[in-house]
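What follows is a short report on a single structure.
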Amino acid sequence: MANFLQFLTILAIGLPSLLWSPAYGLNPSFSFPNLVDTYLGTFPLESIVTRFLRLRRPYNTSQLEGQADSYLNTIVGSFPGKGNNLTAPCYEDVKIWMGDMFLGQGYALKMLDSFFKVPPGLTKGHLLMLGSHDMCMRVEAMPYTSQYRNSSELVPAANYCIVRLQIALAANASQPLPPLATCFPASCTARDADILILSVVNIINATVDLVTPTGKTLCNSEIPSEPGTSATWMIVGGFAITCLCATIVHLLARPFDHRYNRNTDIKPVVGPKTAEQSGLSTRAVSSMMEMGPVQTEKSANWRTESFVGSRMEMELEKVPVYIRLILCFSLVDNTSRLFAPEAGELRYLNGIRVMSMWWVLLGHIHQLGEIFFSNRMDIIENLKGYPQQLILSAPFAVDTFFLLSGLAVTYSLLRAVDQHKSWAPFVLSYVRRFARILPLYMVILLIYMFVVPYVVDGPYAILVRQEGSPTEYCKTYWWTNLLMVSNVVPVDKSKMCMPWTWFISADWQLFIVTPPIVAFLSRFPKSGLALLVLLLGGCVATVSSLVYVYGLPLTIRDLHGRIETEKEYQPEREYIYDKPWQGGINYIVGVILAYHIFVRRGSDFARRFKTVLFIFGWAVAFVLAYFAIFGLYYGGFETKTQMSVQKRAVYAGLSRLGWALAVGWVIYACHHGISKTVRSFLSLPIWTPLSRLTYAAFLVHFLILQLYFTSLRSMLFYTTHQVLTIFLAQIVAVYAAAFVASLAIETPVRRLIQLTLTEAVYWMRH
């Protein structure tokens, strides 16, 4: 019996440690077989078990306390020098709790049941022994603890802690052990939990001085409040109160004053060359100004860009500024704008944008949620399958956003210059872009830093705090998000603030150089196109060269792991994924496509060769997209060296270019009516409001995912059905949050900026 219990104890300690190493990227050199062979039968477990069984016999109170005291001394005394370090309240309360546990008291058994247990599926990656957080925190009992000695009511009896230990290895190295959840009396501190668990572990005599605390043990406790939290709530509350008051005034005044009706914005009086004459409606032009996940004003955004120039005059309706200001914050008016139909020629971009956002969400569910699945080894094998390449290829959705951004910015600039024969729109575009992106971005950043840590609890919240909460990095690097350089600083990407927003920084860096290039392109078309092709080739060559030189992995999941090369590799750095030279491939293709659409408007070339273009174009686009998405599958996943570094370099550069050409063809075919079925699907009315929420959804989606996963109480089991359930639920949650953020913050601020610029230009001219 003793040997069997000894074996189970070693199994409980050693096997998770063995699996913890390779599964979570830690030191895999822990030798479990040596531990069993060397130390089996070297600890006095039999005497403790016998003592425990004897305690179940009838005893009076004094006998019970004496036996519990003796048992506790045996436990903590098994690790020399540690027993006397327990705090006095904890020692007394543990002794009482153990006595009640031996008597079968309900509260004591619930506390015991809340402790960690060796879970099934260790070989599949089920290594987090989280116990039962909620059961532990809800345990109440009569005041047996020193903290509540004078209370006559039921009081909290326990506190949940996660103990972190490590085992010493050779050469002054140590191996972290899996987290161990505990439920000791409420008077016990994190240090007490360390000592008690360490004492139990060191019943195995051979582990004395080998297993030590890591210093990361934490208990469930309130996080101290920060000044930034109050400030953030004041800002969010200010937006909410302002919108609520404006909505009430709007609803009360609308029946009596027609000026509170919609369409009280600027009314353009278009000169000789109107939007209709150029083949695009007002809404079509506004659609072209959408920047990747960033959505612009649908109905009147292009009018703001028309401030400068003699070919378009503007007049304001006779609506007081205070009414227009109220409408900026009216939830009713902003909601009607959100759901207003779009009649533009480019509304098919809405479908592309929304489905790209969903693809990003699906990829992030796997990226972030992988550590929350109990069978993560199955996930790794599953992602090697054919259909799962759609998940591994989710970064192509971000490339689509880059293409849409380059397309939208270039077209709007070309059209503005063509209408006004002025360079002013190039200067104005920087101000408008920065003003549109920043407000909602900064509010979400404040919420992420100062609100999120206070709204999550549970075992995963404690684990996140133990490993270093990502929200803490924002307190050091928030300025990188403000200056749009978060994809460059810090070098260690694990410390990036709001890591999913790297796209905004990379897109801004590409946008900075776009107006000068477009200006050069409009003045010298052939030289401008040659410059764009040269830049495109440079981006492709840069990506391929970095993969070749450093042997970089081809997927975020590293299924095609890094190949050793002569060049020193720093794993904490990101060499290509979040850098503008990779996103620039699709961005430049978008710029070239926008120029082609602009200069060829009104051309009947596509209609004259519709059949040939339909067959050839869709065939080439399908082949390019297919090998971009499924190319790694044919490269093989059995070993990381099946695809040589030379092939990796070629794939890394050309796959992005192939994807850009494939998506560019879809846009070209829809724009010229080559594929009416695809255009009709992408232009469905359902895409319009979802597309207008894309920027807000992009900012909040990762935050919503983090809140969901860190609020779990136990690990999930990965199945396709489970992932689809999470995916569909997250779509609803993300767009609900985006709806609130857009109506209460993004849209009011955008309209307020537009109103300010409008009034400024109006008074300057009059």
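Not measured: the values here are computed from a predicted model.
Residues passing the ring pair (Phe, Tyr, Trp, His ring centres under 6.0 Å) test with Trp478: none are found, sequence neighbours excluded. Phe329 pairs by the ring pair (Phe, Tyr, Trp, His ring centres under 6.0 Å) definition with nothing, not counting sequence neighbours.
For the pair Arg692 and Phe739, the cation-pi criterion (under 6.0 Å, within 45° of the ring axis) is not fulfilled. Geometrically, Arg433 engages Phe511 in a cation-pi contact defined by less than 6.0 Å to the ring centre and at most 45° from the axis.
The line from CD of Gln706 to CH2 of Trp500 is 5.5 Å long, rounded to the nearest 0.5 Å. Atom CD1 of residue Ile517 and atom CD1 of residue Ile512 lie 12.0 Å apart, to the nearest 0.5 angstrom. The distance from atom CD1 of Ile444 to atom CG of Asn481, rounded to the nearest 0.5 Å, is 12.5 Å.
Taking 4.5 Å as the limit, some side-chain heavy atom of Ile241 sits within range of a side-chain heavy atom of Cys245. The closest side-chain heavy-atom distance from Trp359 to Met355 is not below 4.5 Å. Using a 4.5 Å cut-off on side-chain heavy atoms (C-beta onward), Met498 and Cys474 make contact.
Checked against the 6.0 Å centroid threshold, Trp233 and Phe450 do not count as a close aromatic pair.
Using a 30° and 60° split on the angle between ring planes, Phe372 and Phe709 fall in the parallel class, below 30°. Between His596 and His672, the ring planes lie perpendicular to each other; the angle is over 60°, past the 30° to 60° tilted range.
There is no side-chain donor-acceptor pair under 3.5 Å between Arg353 and Thr694. Asp507 and Ser405 form a side-chain donor-acceptor contact under 3.5 Å, judged by distance and modelled atom types alone.
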